[in-house]
Amino acid sequence: MKKYGKLTRRPVGTVAVLHQGGRRIFAVAYSRVDADGVRAQSSMERMRHSLDQLWLAVRAEGQHRPVAMPIVGSGLARIYDLDREGLIELAVGSFLAHARRGRLADELRIVVPPAELAKIDMNRVDELIRRL
């Protein structure tokens, strides 16, 4: 059990809204960390719940401005059920489902670092998003 440092744990789905200049940064908890605070792990259920909570916060405080986000779940969260394309589909599908309930944000941007781009089949991503 971790005995030093930050010991506070927040439930999966917690969203912290940080204000920086005219921007808002939405930080969402989508994984659980082991008792030693070393290994994080998430799941499809946790990711869906966290995205739902994220879009609720974006609707409440995002001022309909464009939202940029990375491919969440592909790194330390260890979501093994989906590859990067599937994680993009999950995020975009969740965003669109919430957008159908009322104006959410003018645009969703998925940010992909150049080193990660070669690992993603953009044709497949295009097909998945068109299907949504």
Side-chain angles (χ1 to χ4, degrees):
M1 182 71 154
K2 184 176 177 181
K3 297 180 181 175
Y4 55 88
K6 295 182 181 178
L7 301 176
T8 304
R9 301 285 189 255
R10 302 281 185 245
V12 168
T14 300
V15 180
V17 183
L18 310 171
H19 299 265
Q20 183 181 41
R23 297 172 48 193
R24 286 178 173 70
I25 299 168
F26 296 86
V28 61
Y30 58 87
S31 61
R32 297 175 74 82
V33 179
D34 65 11
D36 294 327
V38 176
R39 183 178 164 95
Q41 190 164 12
S42 194
S43 66
M44 291 290 298
E45 180 181 317
R46 289 181 187 139
M47 184 60 71
R48 281 189 186 101
H49 173 69
S50 297
L51 288 169
D52 286 341
Q53 297 306 306
L54 172 64
W55 304 134
L56 292 173
V58 167
R59 176 171 281 118
E61 298 197 39
Q63 300 177 330
H64 309 297
R65 295 181 60 190
V67 174
M69 68 184 294
I71 303 172
V72 291
S74 65
L76 296 175
R78 296 177 174 87
I79 297 180
Y80 300 118
D81 298 342
L82 291 176
D83 55 14
R84 286 171 178 80
E85 293 89 348
L87 291 167
I88 292 170
E89 180 183 20
L90 179 64
V92 172
S94 176
F95 175 84
L96 291 174
H98 278 265
R100 285 185 202 106
R101 299 179 196 148
R103 188 171 177 206
L104 181 58
D106 290 339
E107 179 178 313
L108 175 64
R109 300 173 186 161
I110 305 293
V111 179
V112 181
E116 292 285 309
L117 200 53
K119 300 175 186 175
I120 299 171
D121 180 352
M122 294 307 285
N123 290 326
R124 181 171 165 228
V125 170
D126 184 54
E127 284 177 28
L128 294 170
I129 291 174
R130 289 181 189 278
R131 210 177 63 222
L132 294 172

Legend entry - Any side-chain heavy-atom pair of Leu117 and Met122 under 4.5 Å: yes
Inset, instruction - Please say whether more than 12 non-hydrogen atoms of neighbouring residues, nucleotides or ligands are located less than 6.0 Å from CD in Glu45. - result: no
Inset, instruction - Please report the closest heavy-atom contact between Ser50 and Val28, naming both atoms and the distance. - result: O-CG2, 3.5 Å
Legend entry - Inter-residue atom distance Leu96.CG - Ile129.CD1, 0.5 Å rounding: 8.5 Å
Legend entry - Rounded distance (nearest 0.5 Å) linking atom CZ of Arg39 with atom OG of Ser31: 11.0 Å
Legend entry - Presence of salt bridge, Asp126 and Arg130, under 4.0 angstrom: yes
Inset, instruction - Verify the distance criterion only: is there a donor paired with an acceptor across the side chains of His98 and Arg101 at less than 3.5 Å? - result: yes
Legend entry - Shortest non-hydrogen separation from Arg65 to Gly22 and the atoms involved: NH1-O, 2.7 Å
Inset, instruction - Output the distance between atom CD (Gln20) and atom CD1 (Ile25), rounded to the nearest 0.5 Å. - result: 4.5 Å
Legend entry - Closest non-hydrogen atom pair between Ile79 and Ser43, with its separation: CD1-O, 4.0 Å
Inset, instruction - Find out whether Glu61 and His19 are in side-chain contact, i.e. whether some heavy atom of one side chain is under 4.5 Å from a heavy atom of the other. - result: yes
Legend entry - Considering all heavy atoms, the nearest Leu87-Gly73 contact: CD1-C, 3.6 Å
Legend entry - Side-chain donor or acceptor of Ser94 paired with backbone N/O of Ala91 under 3.5 Å: no
Inset, instruction - Would you name the heavy atoms of Lys119 and Glu85 that are closest together and state the gap between them? - result: O-OE2, 4.0 Å
Inset, instruction - Hey, could you give me the CE/CG distance between Met47 and Asp52, rounded to the nearest 0.5 Å? - result: 12.0 Å
Legend entry - Arg23 atom CZ, neighbour heavy-atom count above 12 within 6.0 Å: no
Legend entry - Val58-Val12 co-clustered via ILVMFWY side chain contacts under 4.5 Å: no
Legend entry - Side-chain heavy-atom pair Leu128, Ile88 within 4.5 angstrom cut-off: no
Inset, instruction - Measure across Arg59 and Gly102 and return the closest heavy-atom pair with its distance rounded to 0.1 Å. - result: NH2-O, 2.7 Å
Inset, instruction - Could you tell me the separation between the CG atom of Leu56 and the CG atom of Leu104, rounded to the nearest 0.5 Å? - result: 9.0 Å
Inset, instruction - Determine, using the 4.5 Å side-chain heavy-atom cutoff (strictly less than), whether Val72 and Val33 are members of one ILVMFWY cluster. - result: no
Legend entry - Side-chain heavy atoms of Phe26 within contact of Met69, under 4.5 Å: no
Inset, instruction - Kindly compute the distance separating CG (Leu108) from CH2 (Trp55), expressed to the nearest 0.5 Å. - result: 5.0 Å
